[in-house]
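Report on the following structure.
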2 protein chains.
Amino acid sequence: MTRPLALARMALPLALALGIWFAPVPAGLTAPAWQLFAIFLAAIVSVLVGAFPLLTSTMLAVAAVVLTGTITPAQAFSGFANASVLLVVIAFIVAQAVVKSGLGRRISLFMVSRFGGSSLGLAYSLVLTDAVIAPAFPSNTARGGVLFPVVLSVAQGANSRPDDEQGRRLGGYLMYCSMASLAVSSALWMTATSANPIGVQIARDLGIRIDFGVWLLTASVPALTAIALLPLVLLKLFPPGVNATPDAPAAARAALAAMGSLSRDEKVTAVAFALMVTGWIFADPLKLNVTSVAFAGLGVLLMTNVLTLDDIAKQGDTLTTFLWLAVLFALSGQLNELGFMGYVGQRLAARLSGMSWPVLYVTLVVLYVAIHYLFVSQTSQVLALLAVFADVGIRGGVPAPLMLFALLFASSYFSVITPQGGSQNVIFVGSGYLTQPELYRLGFLVTLFFLAVFLTVGTAWILAVH
Amino acid sequence: MTRPLALARMALPLALALGIWFAPVPAGLTAPAWQLFAIFLAAIVSVLVGAFPLLTSTMLAVAAVVLTGTITPAQAFSGFANASVLLVVIAFIVAQAVVKSGLGRRISLFMVSRFGGSSLGLAYSLVLTDAVIAPAFPSNTARGGVLFPVVLSVAQGANSRPDDEQGRRLGGYLMYCSMASLAVSSALWMTATSANPIGVQIARDLGIRIDFGVWLLTASVPALTAIALLPLVLLKLFPPGVNATPDAPAAARAALAAMGSLSRDEKVTAVAFALMVTGWIFADPLKLNVTSVAFAGLGVLLMTNVLTLDDIAKQGDTLTTFLWLAVLFALSGQLNELGFMGYVGQRLAARLSGMSWPVLYVTLVVLYVAIHYLFVSQTSQVLALLAVFADVGIRGGVPAPLMLFALLFASSYFSVITPQGGSQNVIFVGSGYLTQPELYRLGFLVTLFFLAVFLTVGTAWILAVH
């Protein structure tokens, strides 16, 4: 990158921040909400134009929002204590135990022996596993914590590493398949992500009662269509480089046989993950905090020396993820708290009067998805905007079940739009197989694909069953 | 370690936790306070007996307190968003810029060229620098952030590294000198740590008005005595291995000449630290949050590529420190919030009636210091116990200024009693030059030394000037 270009890239977000900051505050917004938007947008844009890595822009942003008095230190730092953020951090650390113990290699060899005739076969085995186990996981971040070590082991087993420009593509393909799979498997089942029950509650307030079976019936056709096409779509959007590998299954079977029986560390890891998964599945009835279940798992892995302090010492990347995720989470949350999100939603919705209901329906869904660029949590957008958007649609003549289900499903699949659009993404993003520009490009294209499926197949199906 | 011994070490803290947990809750305490105490004590004891590293015991403890419903997840995770904890983390990261840029080497060569004829000379140059700059730093953690990179560079320059059993001793000696120096320099000046102004406020409520000059006059003789003796005392308690190095100053001068003029990265680092130090010094009048000043400094160092993502990727140790410090901070804070600390203080104080005032005075100061084993923050003990202890002493006949000043000074110097007794310690502890058992041993002995100085010289001087 030439020096003038680099400087221009740095100047753009700064100019943007200053331009918004000193522009008149729109009526209906407070000055802090407007200033926070200026800084938040500049931080995201500086990453998009390649001026800075996310860590740099978030460190500057958190300093700016506090030192200018836009928000308080307690508000700016609140993301560090957020249970979802901590779950990402701990899930990332415990995943190393699966890799280090050899259990991940064993599982990945098993998967390759069964499905490893092609990259596509591997991808299908991952997305189908995710779709099947999803209803048992009330937190899709926890589910990501289970899938990620397997994906990482499969990638490493195929000699795909983040620092190898060509070789990383298989890992990147599988990582993105899994991340996008989590987004759509969360739309398939009412209990597959914590945002869904909140959306169901909001729907009830608007007069539509939804239970587990109704949700599954309504979601089944569009979500299964998206799941079925996802590995093929990504094969086009991010070719893994390796395709047919007909000899791989036999080689994997041989390697699996050579591994012999489970080692002590593999057994401990398997038990620790079995306990964590049990805790995550029964989190709601037993009132277990999912993050604390992960802390317990980490404690057991450390206590048994499966993970050592030296292993953690190599995980500085996790610290980087922790720092930027916590800051983005807090800033996005504050933007919401200060009323900015609600203001934008209402302004957008207010401009849509007078449209025919099908146009209004499509416009609302597309806007609802696009606005997720500003959110770092699915739940916070559901809380902030679902009721506003549904209300505008229903008043404008869109059938209530259609409007609500379309927005409820969007609240899951829009999470891939940015690398930080859902906490579960961050586990996969942190692996380093994909660059930030790639993540934004794929996020845009895969979101378009999901929108296309849900607006066509989904709309037809929802109207058919309701 | 033999296997039965290892198992016994693990069983002891577990038995302790269960024993306290199932013992009857003392009258005046709530069950959660008692249960939290059981878990907190077991976590500390498991480290003391060498059963687990601090990371392991804190991960198990945070899982235990939440999963048993003793405290809420938000309470248990609050330490991660604490500004002091975050300042430790960021100070640790930015310190690497001083080392990496070469600025630390230059400063350390300069120091060795002037004072490097012996380890003792180096130690004196560090503690005297600290004593002189202390009144300008309202946060002793921030001051630690300035001292630490210099100490680290001096240690590395002398080829002292944490993983070299003999060679690490010089680094360990200098690290401990600096850490203990921060404790006593904080007692010397009213503005040298954030706990002091809070103590002054409490003293005012008890009828004693203290200003900057009165504090300095009263503290001067005992604090300067302790500072003057500290490097010598530690030379006995933790011999650095290297003593007289008469050729070192000349060699350092030659190396300094060979370094030439400041590099671009050294200049950027110097400017970034100058900005941070300015921010820290004027934090109070300008209402700047000290942690955000550190975030800004980190942002600048990343933006200018003095620090890169690869540098942070090597800092997994900082993640370890972040995890255990945040958990201990939150658990100790909750123990206080739940009334446990106040209960213990009042019970202890109530038993002391009927003593002559000099015996009462000494007993109260010693107990006040010893109870800091349970605290992970100086400020929280000042808030919880200073007024209770002072009140008991004054009612029992101890002259009010003597009682208050003795407790105020103790509130600074007791911070070395455990590695987590003050946030500033953690920066030095995290360097790995000293083991946990060494830190507890030195903490005990140096605290005894401080107690001896302040109870003899200090008592005489306070009585003389008040």
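The chains referred to below are lettered A, B, ... by the order of the sequence lines, with proteins before strands, and numbering in each begins at 1. Excluded from the calculations below are hydrogen atoms, water molecules and symmetry mates; all remaining heavy atoms, backbone and side chain alike, are included. Predicted model only: the values in this text are computed from it and were never measured.
- Here the closest non-hydrogen pair linking A83(A) and F77(B) is CB-CE1, 4.0 Å.
- Between M303(A) and M10(B), the shortest heavy-atom distance links the atoms O-CE, 4.2 Å.
- Between chain A and the residues G299(B), G279(B), A76(B), A313(B), the largest count of heavy-atom pairs under 4.5 Å involves A313(B).
- Per-residue counts of heavy-atom pairs under 4.5 Å with chain A were compared for G316(B), G69(B), A330(B); the largest is that of G316(B).
- Within the 4.5 Å cutoff, no side-chain heavy atoms of L55(A) are placed close to those of L298(B).
- Residue contact with chain A, scored on non-hydrogen atoms closer than 4.5 Å, is absent for L307(B).
- There is no contact between L301(A) and chain B, counting heavy-atom distances below 4.5 Å.
- Within the 4.5 angstrom heavy-atom criterion, no atom of V85(B) approaches chain A.
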(request) For L319(B) and I93(A), run side-chain contact (heavy atoms from CB on, under 4.5 Å): C-alpha distance rounded to whole Å, both residues' side-chain angles, the deciding distance at 0.1 Å, then the answer. (result) CA-CA 10 Å; L319(B) 178 63; I93(A) 298 176; 4.0 Å; yes
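- Residue L286(B): no heavy atom, backbone or side chain, is found under 4.5 Å from chain A.
- Residue with the most contacts toward chain B among A63(A), A61(A), A81(A): A81(A) (heavy-atom pairs, distance under 4.5 Å).
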Can you pull every donor-acceptor pair closer than 3.5 Å across chain B and chain A?
unit_1  : atom_1 : unit_2  : atom_2 : d
A313(B) : O      : G316(A) : N      : 3.2
G316(B) : N      : A313(A) : O      : 3.1

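- Contact between A296(B) and L60(A) at its shortest, heavy atoms only, is O-CD2, 4.4 Å.
- Heavy atoms of L86(B) lying under 4.5 Å from chain A belong exclusively to its side chain.
- The aromatic ring centroids of F322(B) and F322(A) lie less than 6.0 Å from each other.
- The most heavy-atom pairs under 4.5 Å with chain A, out of V327(B), V300(B), L309(B), come from L309(B).
- Interface residue V293(A): backbone and side-chain heavy atoms are both found under 4.5 Å from chain B.
- Interface summary for chain A: among A326(B), G297(B), P73(B), A74(B), the most heavy-atom pairs under 4.5 angstrom belong to P73(B).
- No other option in V89(B), L67(B), L288(B) has as many heavy-atom pairs under 4.5 Å with chain A as L67(B).
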